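Remarks on the structure that follows.
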Amino acid sequence: MARHLITSALPYINGIKHLGNMVGSMLPADVYSRYLRQRGHDVLFICATDEHGTPAELAAKEQGLPVDAFCAQAHDAQKAVYDGFALAFDYFGRSSSPENREITQHFARRLNENGFIEERAIRQVYSPVDGRFLPDRYVEGTCPHCGYDKARGDQCENCTRVLDPTDLINPRSAISGSTELEIRETKHLFLLQSKLQNEVEAWVSRHEADWPQLASSIARKWLTEGLHDRAITRDLDWGVPVPADTWPELAAEGKVFYVWFDAPIEYIGATKEWSDQDPENRDWKSWWYDVDSTVRYTEFMAKDNVPFHTVMFPATELGVREPWKKVDFVKAFNWLTYYGGKFSTSQKRGVFTDQALGILPADYWRYFLIANAPESDDSSFTWEHFTATVNKDLADTLGNFVNRVLSFSKKRFGDDVPAGGEPGEAEARLGRQIADLLAEYESQMEALQFRKAAAALRALWSAGNSYLEEKAPWLEIKTDKDGAALTLRTAMNLIHLYSVVSEPFIPATAKTMREAFALADDTAAWVTADEARALASVPAGTPFTVPPVLFAKLTDEDLETYKERFGGESSAA
């Protein structure tokens, strides 16, 4: 089996993330990781909080905390939410770790030795009121491209164009709000991406045909426009410091590396953090350095992160002239919108992940988000759509099937799986259908087509309902008790199959379904085609219990409550 290295884009430390952030990186990465583990692959799923840069400093200032204390608290708060969503990271690290500092400084030294870093004097925004140079995110203003009046000095949140602070119209300090800004000269380090253009282009050309069109088109656009040398240091109090042994003057001035230089390196740093916890049994370099061809590296991210992962980070890795593992597959997502408008962490618009868990258990959200993942285009979250999906797919199609099969069997046949007669043509036909649908589900999961995989899973659930309606055991029992018992036994085997194959999407519910049957040795990791056709994993005589209702139906009153609390008309709500 292959070894799969999986990373999801690092969530910024400045607050709990919204549902769009969840579905754009971490959740699909978790679903894919769970699926691969079930299929017997060796998986390492890595993520971390992105703790450097101006968002951390500004958020800490707002709360009146030292930056390191704020980041420690915020990391724990984010990790608690991700645990609540049942994200099964092998390790969830911190970009402020000593490991990331060590590896980031190593990368910078090697790039410098190879002639890909240059010290340049530049003109930068200075705020006399604040008494400091303002890094890009400390400058806000109007985007010159789209007119958005809350654009940051590094990137416009509205149109995603990369900016320089001096590009902004009517710039102001994000610290004090002062518009009395000056342009002064200071020195910074630049990554000479222009010298790596041809190498990056050749590397992208070898991979882009395998990537989703969204990822390849963004990478190609940046390459077509030409790679520009980019400043990789900032004037901040918090970050990976420029090493004094290589740049003593800049180190003395307190320069730190730009967050987009050290953040992708944290994928490696977090893996080393994981390894350092158990060095006798974990080897981080076997995943990242001079690795063999069995390691397949898949990255998950939203489209605004694609340029940094398909161009900037590969340029960094190529420039160090060492055999670091580079991404094989970039799974990029469009945006999940909220009633047609953008979710926004900074403007607190939309449903945030901690709020979601306060309303309903994680499986409701996991299924809805993946079934409506913004893969081919942006998709819109509405409470009407959420309610309808929960009721139709989860409560009616899956939950009702499980409840009525187990409740009816318990009422008419007791606490053990009934025996009944031998399977007939209806059961053989069902087995073939289930095997075909399972193959479709596997195919879509292998292709990382999550909406199609969710549709295939839903079709598996629907097949059970169709079989139950066809056989109608509540009528069958009146004339053919053995036939009704066979129908219920077959349906119970479907429930067990659902418990196995639904685990990547709804792990808590899958566990509840599996634990309904007191099987002596239930170690099934997946279901083979032959097992799907046979539907005999739960033999007659197996004790079972009826679990609580798996999914509660949402009412019109629930819908109105959600809309009143969060707004539900437009992006201005």
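What you see is a predicted model, and the numbers here were worked out from it, not measured in a lab.
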Could you go through the side-chain hydrogen bond (donor to acceptor under 3.5 Å, both in side chains) check for Tyr138 and Glu57 one step at a time? CA-CA 10 Å; Tyr138 274 40; Glu57 288 197 358; 2.2 Å; yes
Taking [X] first and then [Y], would you say they form a salt bridge - that is, a charged N and a carboxylate O separated by under 4.0 Å?
X: Asp130; Y: Arg132; answer: no
X: Arg37; Y: Asp90; answer: yes
X: Glu140; Y: Lys150; answer: no
X: Glu113; Y: Arg109; answer: no
X: Lys303; Y: Asp378; answer: yes
X: Arg94; Y: Glu51; answer: yes
X: Asp136; Y: Arg234; answer: yes

Nearest heavy-atom neighbours spanning [X] and [Y]:
X: Leu336; Y: Phe381; result: CD1-N, 3.9 Å
X: Pro212; Y: Phe329; result: CD-CZ, 3.6 Å
X: Ile13; Y: Ala56; result: CG2-CB, 3.6 Å
X: Val306; Y: Ala215; result: CG1-O, 3.8 Å
X: Gln78; Y: Gly15; result: NE2-O, 3.2 Å
X: Ala29; Y: Ser8; result: CB-CB, 4.0 Å

Is the side chain of [X] donor-acceptor paired with the backbone N or O of [Y] at a distance under 3.5 Å, no angle test?
X: Glu118; Y: Leu192; value: no
X: Ser216; Y: Gln213; value: yes
X: Asp30; Y: Ala88; value: yes

Side chain to side chain, [X] and [Y], heavy atoms closer than 4.5 Å:
X: Arg161; Y: Cys146; answer: no
X: Asn112; Y: Leu189; answer: no
X: Phe45; Y: Tyr32; answer: no
X: Leu168; Y: Leu163; answer: yes
X: Asn14; Y: Leu58; answer: no
X: Arg172; Y: Ser178; answer: no
X: Leu318; Y: Val200; answer: yes
X: Ile117; Y: Ile232; answer: yes

List the steps and the verdict of side-chain contact (heavy atoms from CB on, under 4.5 Å) for Thr271 and Tyr91. CA-CA 7 Å; Thr271 308; Tyr91 191 76; over 6 Å; no
Should Phe313 and Trp260 be marked as a ring-ring contact (aromatic ring centres under 6.0 Å, His included) after you check the CA-CA gap, both sets of side-chain angles, and the distance that decides it? CA-CA 9 Å; Phe313 187 41; Trp260 267 113; 9.8 Å; no
Would [X] and [Y] count as having a side-chain donor-acceptor pair, cut-off 3.5 Å?
X: Ser95; Y: Glu266; answer: no
X: His52; Y: Tyr12; answer: no
X: Glu384; Y: Tyr562; answer: no
X: Ser194; Y: Asp229; answer: yes
X: Ser97; Y: Asn100; answer: no
X: His145; Y: Asp167; answer: no
X: His18; Y: Gln355; answer: no
X: Asn372; Y: Ser379; answer: no
X: Glu322; Y: His106; answer: yes
X: Tyr258; Y: Arg230; answer: yes

Starting at [atom1] of [X], measure out to [atom2] of [Y] and round the result to the nearest 0.5 Å.
X: Leu357; Y: Thr353; atom1: CG; atom2: OG1; result: 6.5 Å
X: Glu299; Y: Leu5; atom1: CD; atom2: CG; result: 8.5 Å
X: Thr509; Y: Asp363; atom1: OG1; atom2: CG; result: 3.5 Å

Parallel, tilted or perpendicular: which one describes the rings of Trp284 and Trp324, with boundaries at 30° and 60°?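 Parallel: the ring planes of Trp284 and Trp324 meet at under 30°.
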Taking the inter-plane angle between the rings of Phe450 and Phe300 on a 0 to 90° scale, is it parallel (under 30°), tilted (30 to 60°) or perpendicular (over 60°)?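 Tilted: the ring planes of Phe450 and Phe300 meet at 30° to 60°.
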Knowing that exactly one of Phe551, Phe505, Phe386, Trp383 qualifies, which makes a ring-ring contact (aromatic ring centres under 6.0 Å, His included) with Phe368?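 Single pass found, and it is Phe386.
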Results of salt bridge (charged side-chain N to carboxylate O under 4.0 Å, His left out) for Lys79 - residues two or more places apart only: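 Expected list: Asp83.
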In a check of side-chain contact (heavy atoms from CB on, under 4.5 Å) between Thr104 and each of Thr316, Val256, Asp262, Ile268, which one passes?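 Exactly one option meets the side-chain contact (heavy atoms from CB on, under 4.5 Å) with Thr104, and it is Asp262.
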As a test of understanding, state which of Pro504, Pro361, Pro507 forms a side-chain contact (heavy atoms from CB on, under 4.5 Å) with Arg366.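 Among Pro504, Pro361, Pro507, the one that satisfies the side-chain contact (heavy atoms from CB on, under 4.5 Å) with Arg366 is Pro507.
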Checking side-chain hydrogen bond (donor to acceptor under 3.5 Å, both in side chains) for the pair Asp304/Thr160: CA distance, chi angles, key distance, verdict? CA-CA 6 Å; Asp304 54 335; Thr160 76; over 6 Å; no
Let me see the working for Trp287 and Tyr297 under ring-ring contact (aromatic ring centres under 6.0 Å, His included), right down to the final yes or no. CA-CA 9 Å; Trp287 292 94; Tyr297 178 21; over 10 Å; no
Please lay out, stage by stage, how Thr555 and Asp558 fare under the test side-chain hydrogen bond (donor to acceptor under 3.5 Å, both in side chains). CA-CA 5 Å; Thr555 66; Asp558 292 327; 3.2 Å; yes
Which residue in the set Glu182, Glu185, His188, Lys187 passes side chain to side chain donor-acceptor pair (under 3.5 Å) when paired with Gln124?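 When Glu182, Glu185, His188, Lys187 are each tested with Gln124, the side chain to side chain donor-acceptor pair (under 3.5 Å) holds only for His188.
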Listed partners of Asp377 passing side-chain contact (heavy atoms from CB on, under 4.5 Å), at least two apart: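 Not a single residue meets the side-chain contact (heavy atoms from CB on, under 4.5 Å) criterion with Asp377.
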Run the ring-ring contact (aromatic ring centres under 6.0 Å, His included) test against Phe92 and tell me which residues pass, sequence neighbours left out.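 Listed in chain order: His75, Tyr82, Phe89.
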Would Lys331 count as a cation-pi partner of Phe333, with NZ or CZ less than 6.0 Å from the six-membered ring centre and within 45° of the ring normal?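 So Lys331 does make the cation-pi contact.
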Looking at Trp247, I'd like to know if the NZ or CZ of Lys255 sits under 6.0 Å from its six-membered ring centre while staying within 45 degrees of the ring's axis.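 No; the conditions do not both hold, so Lys255 does not lie above the ring face of Trp247.
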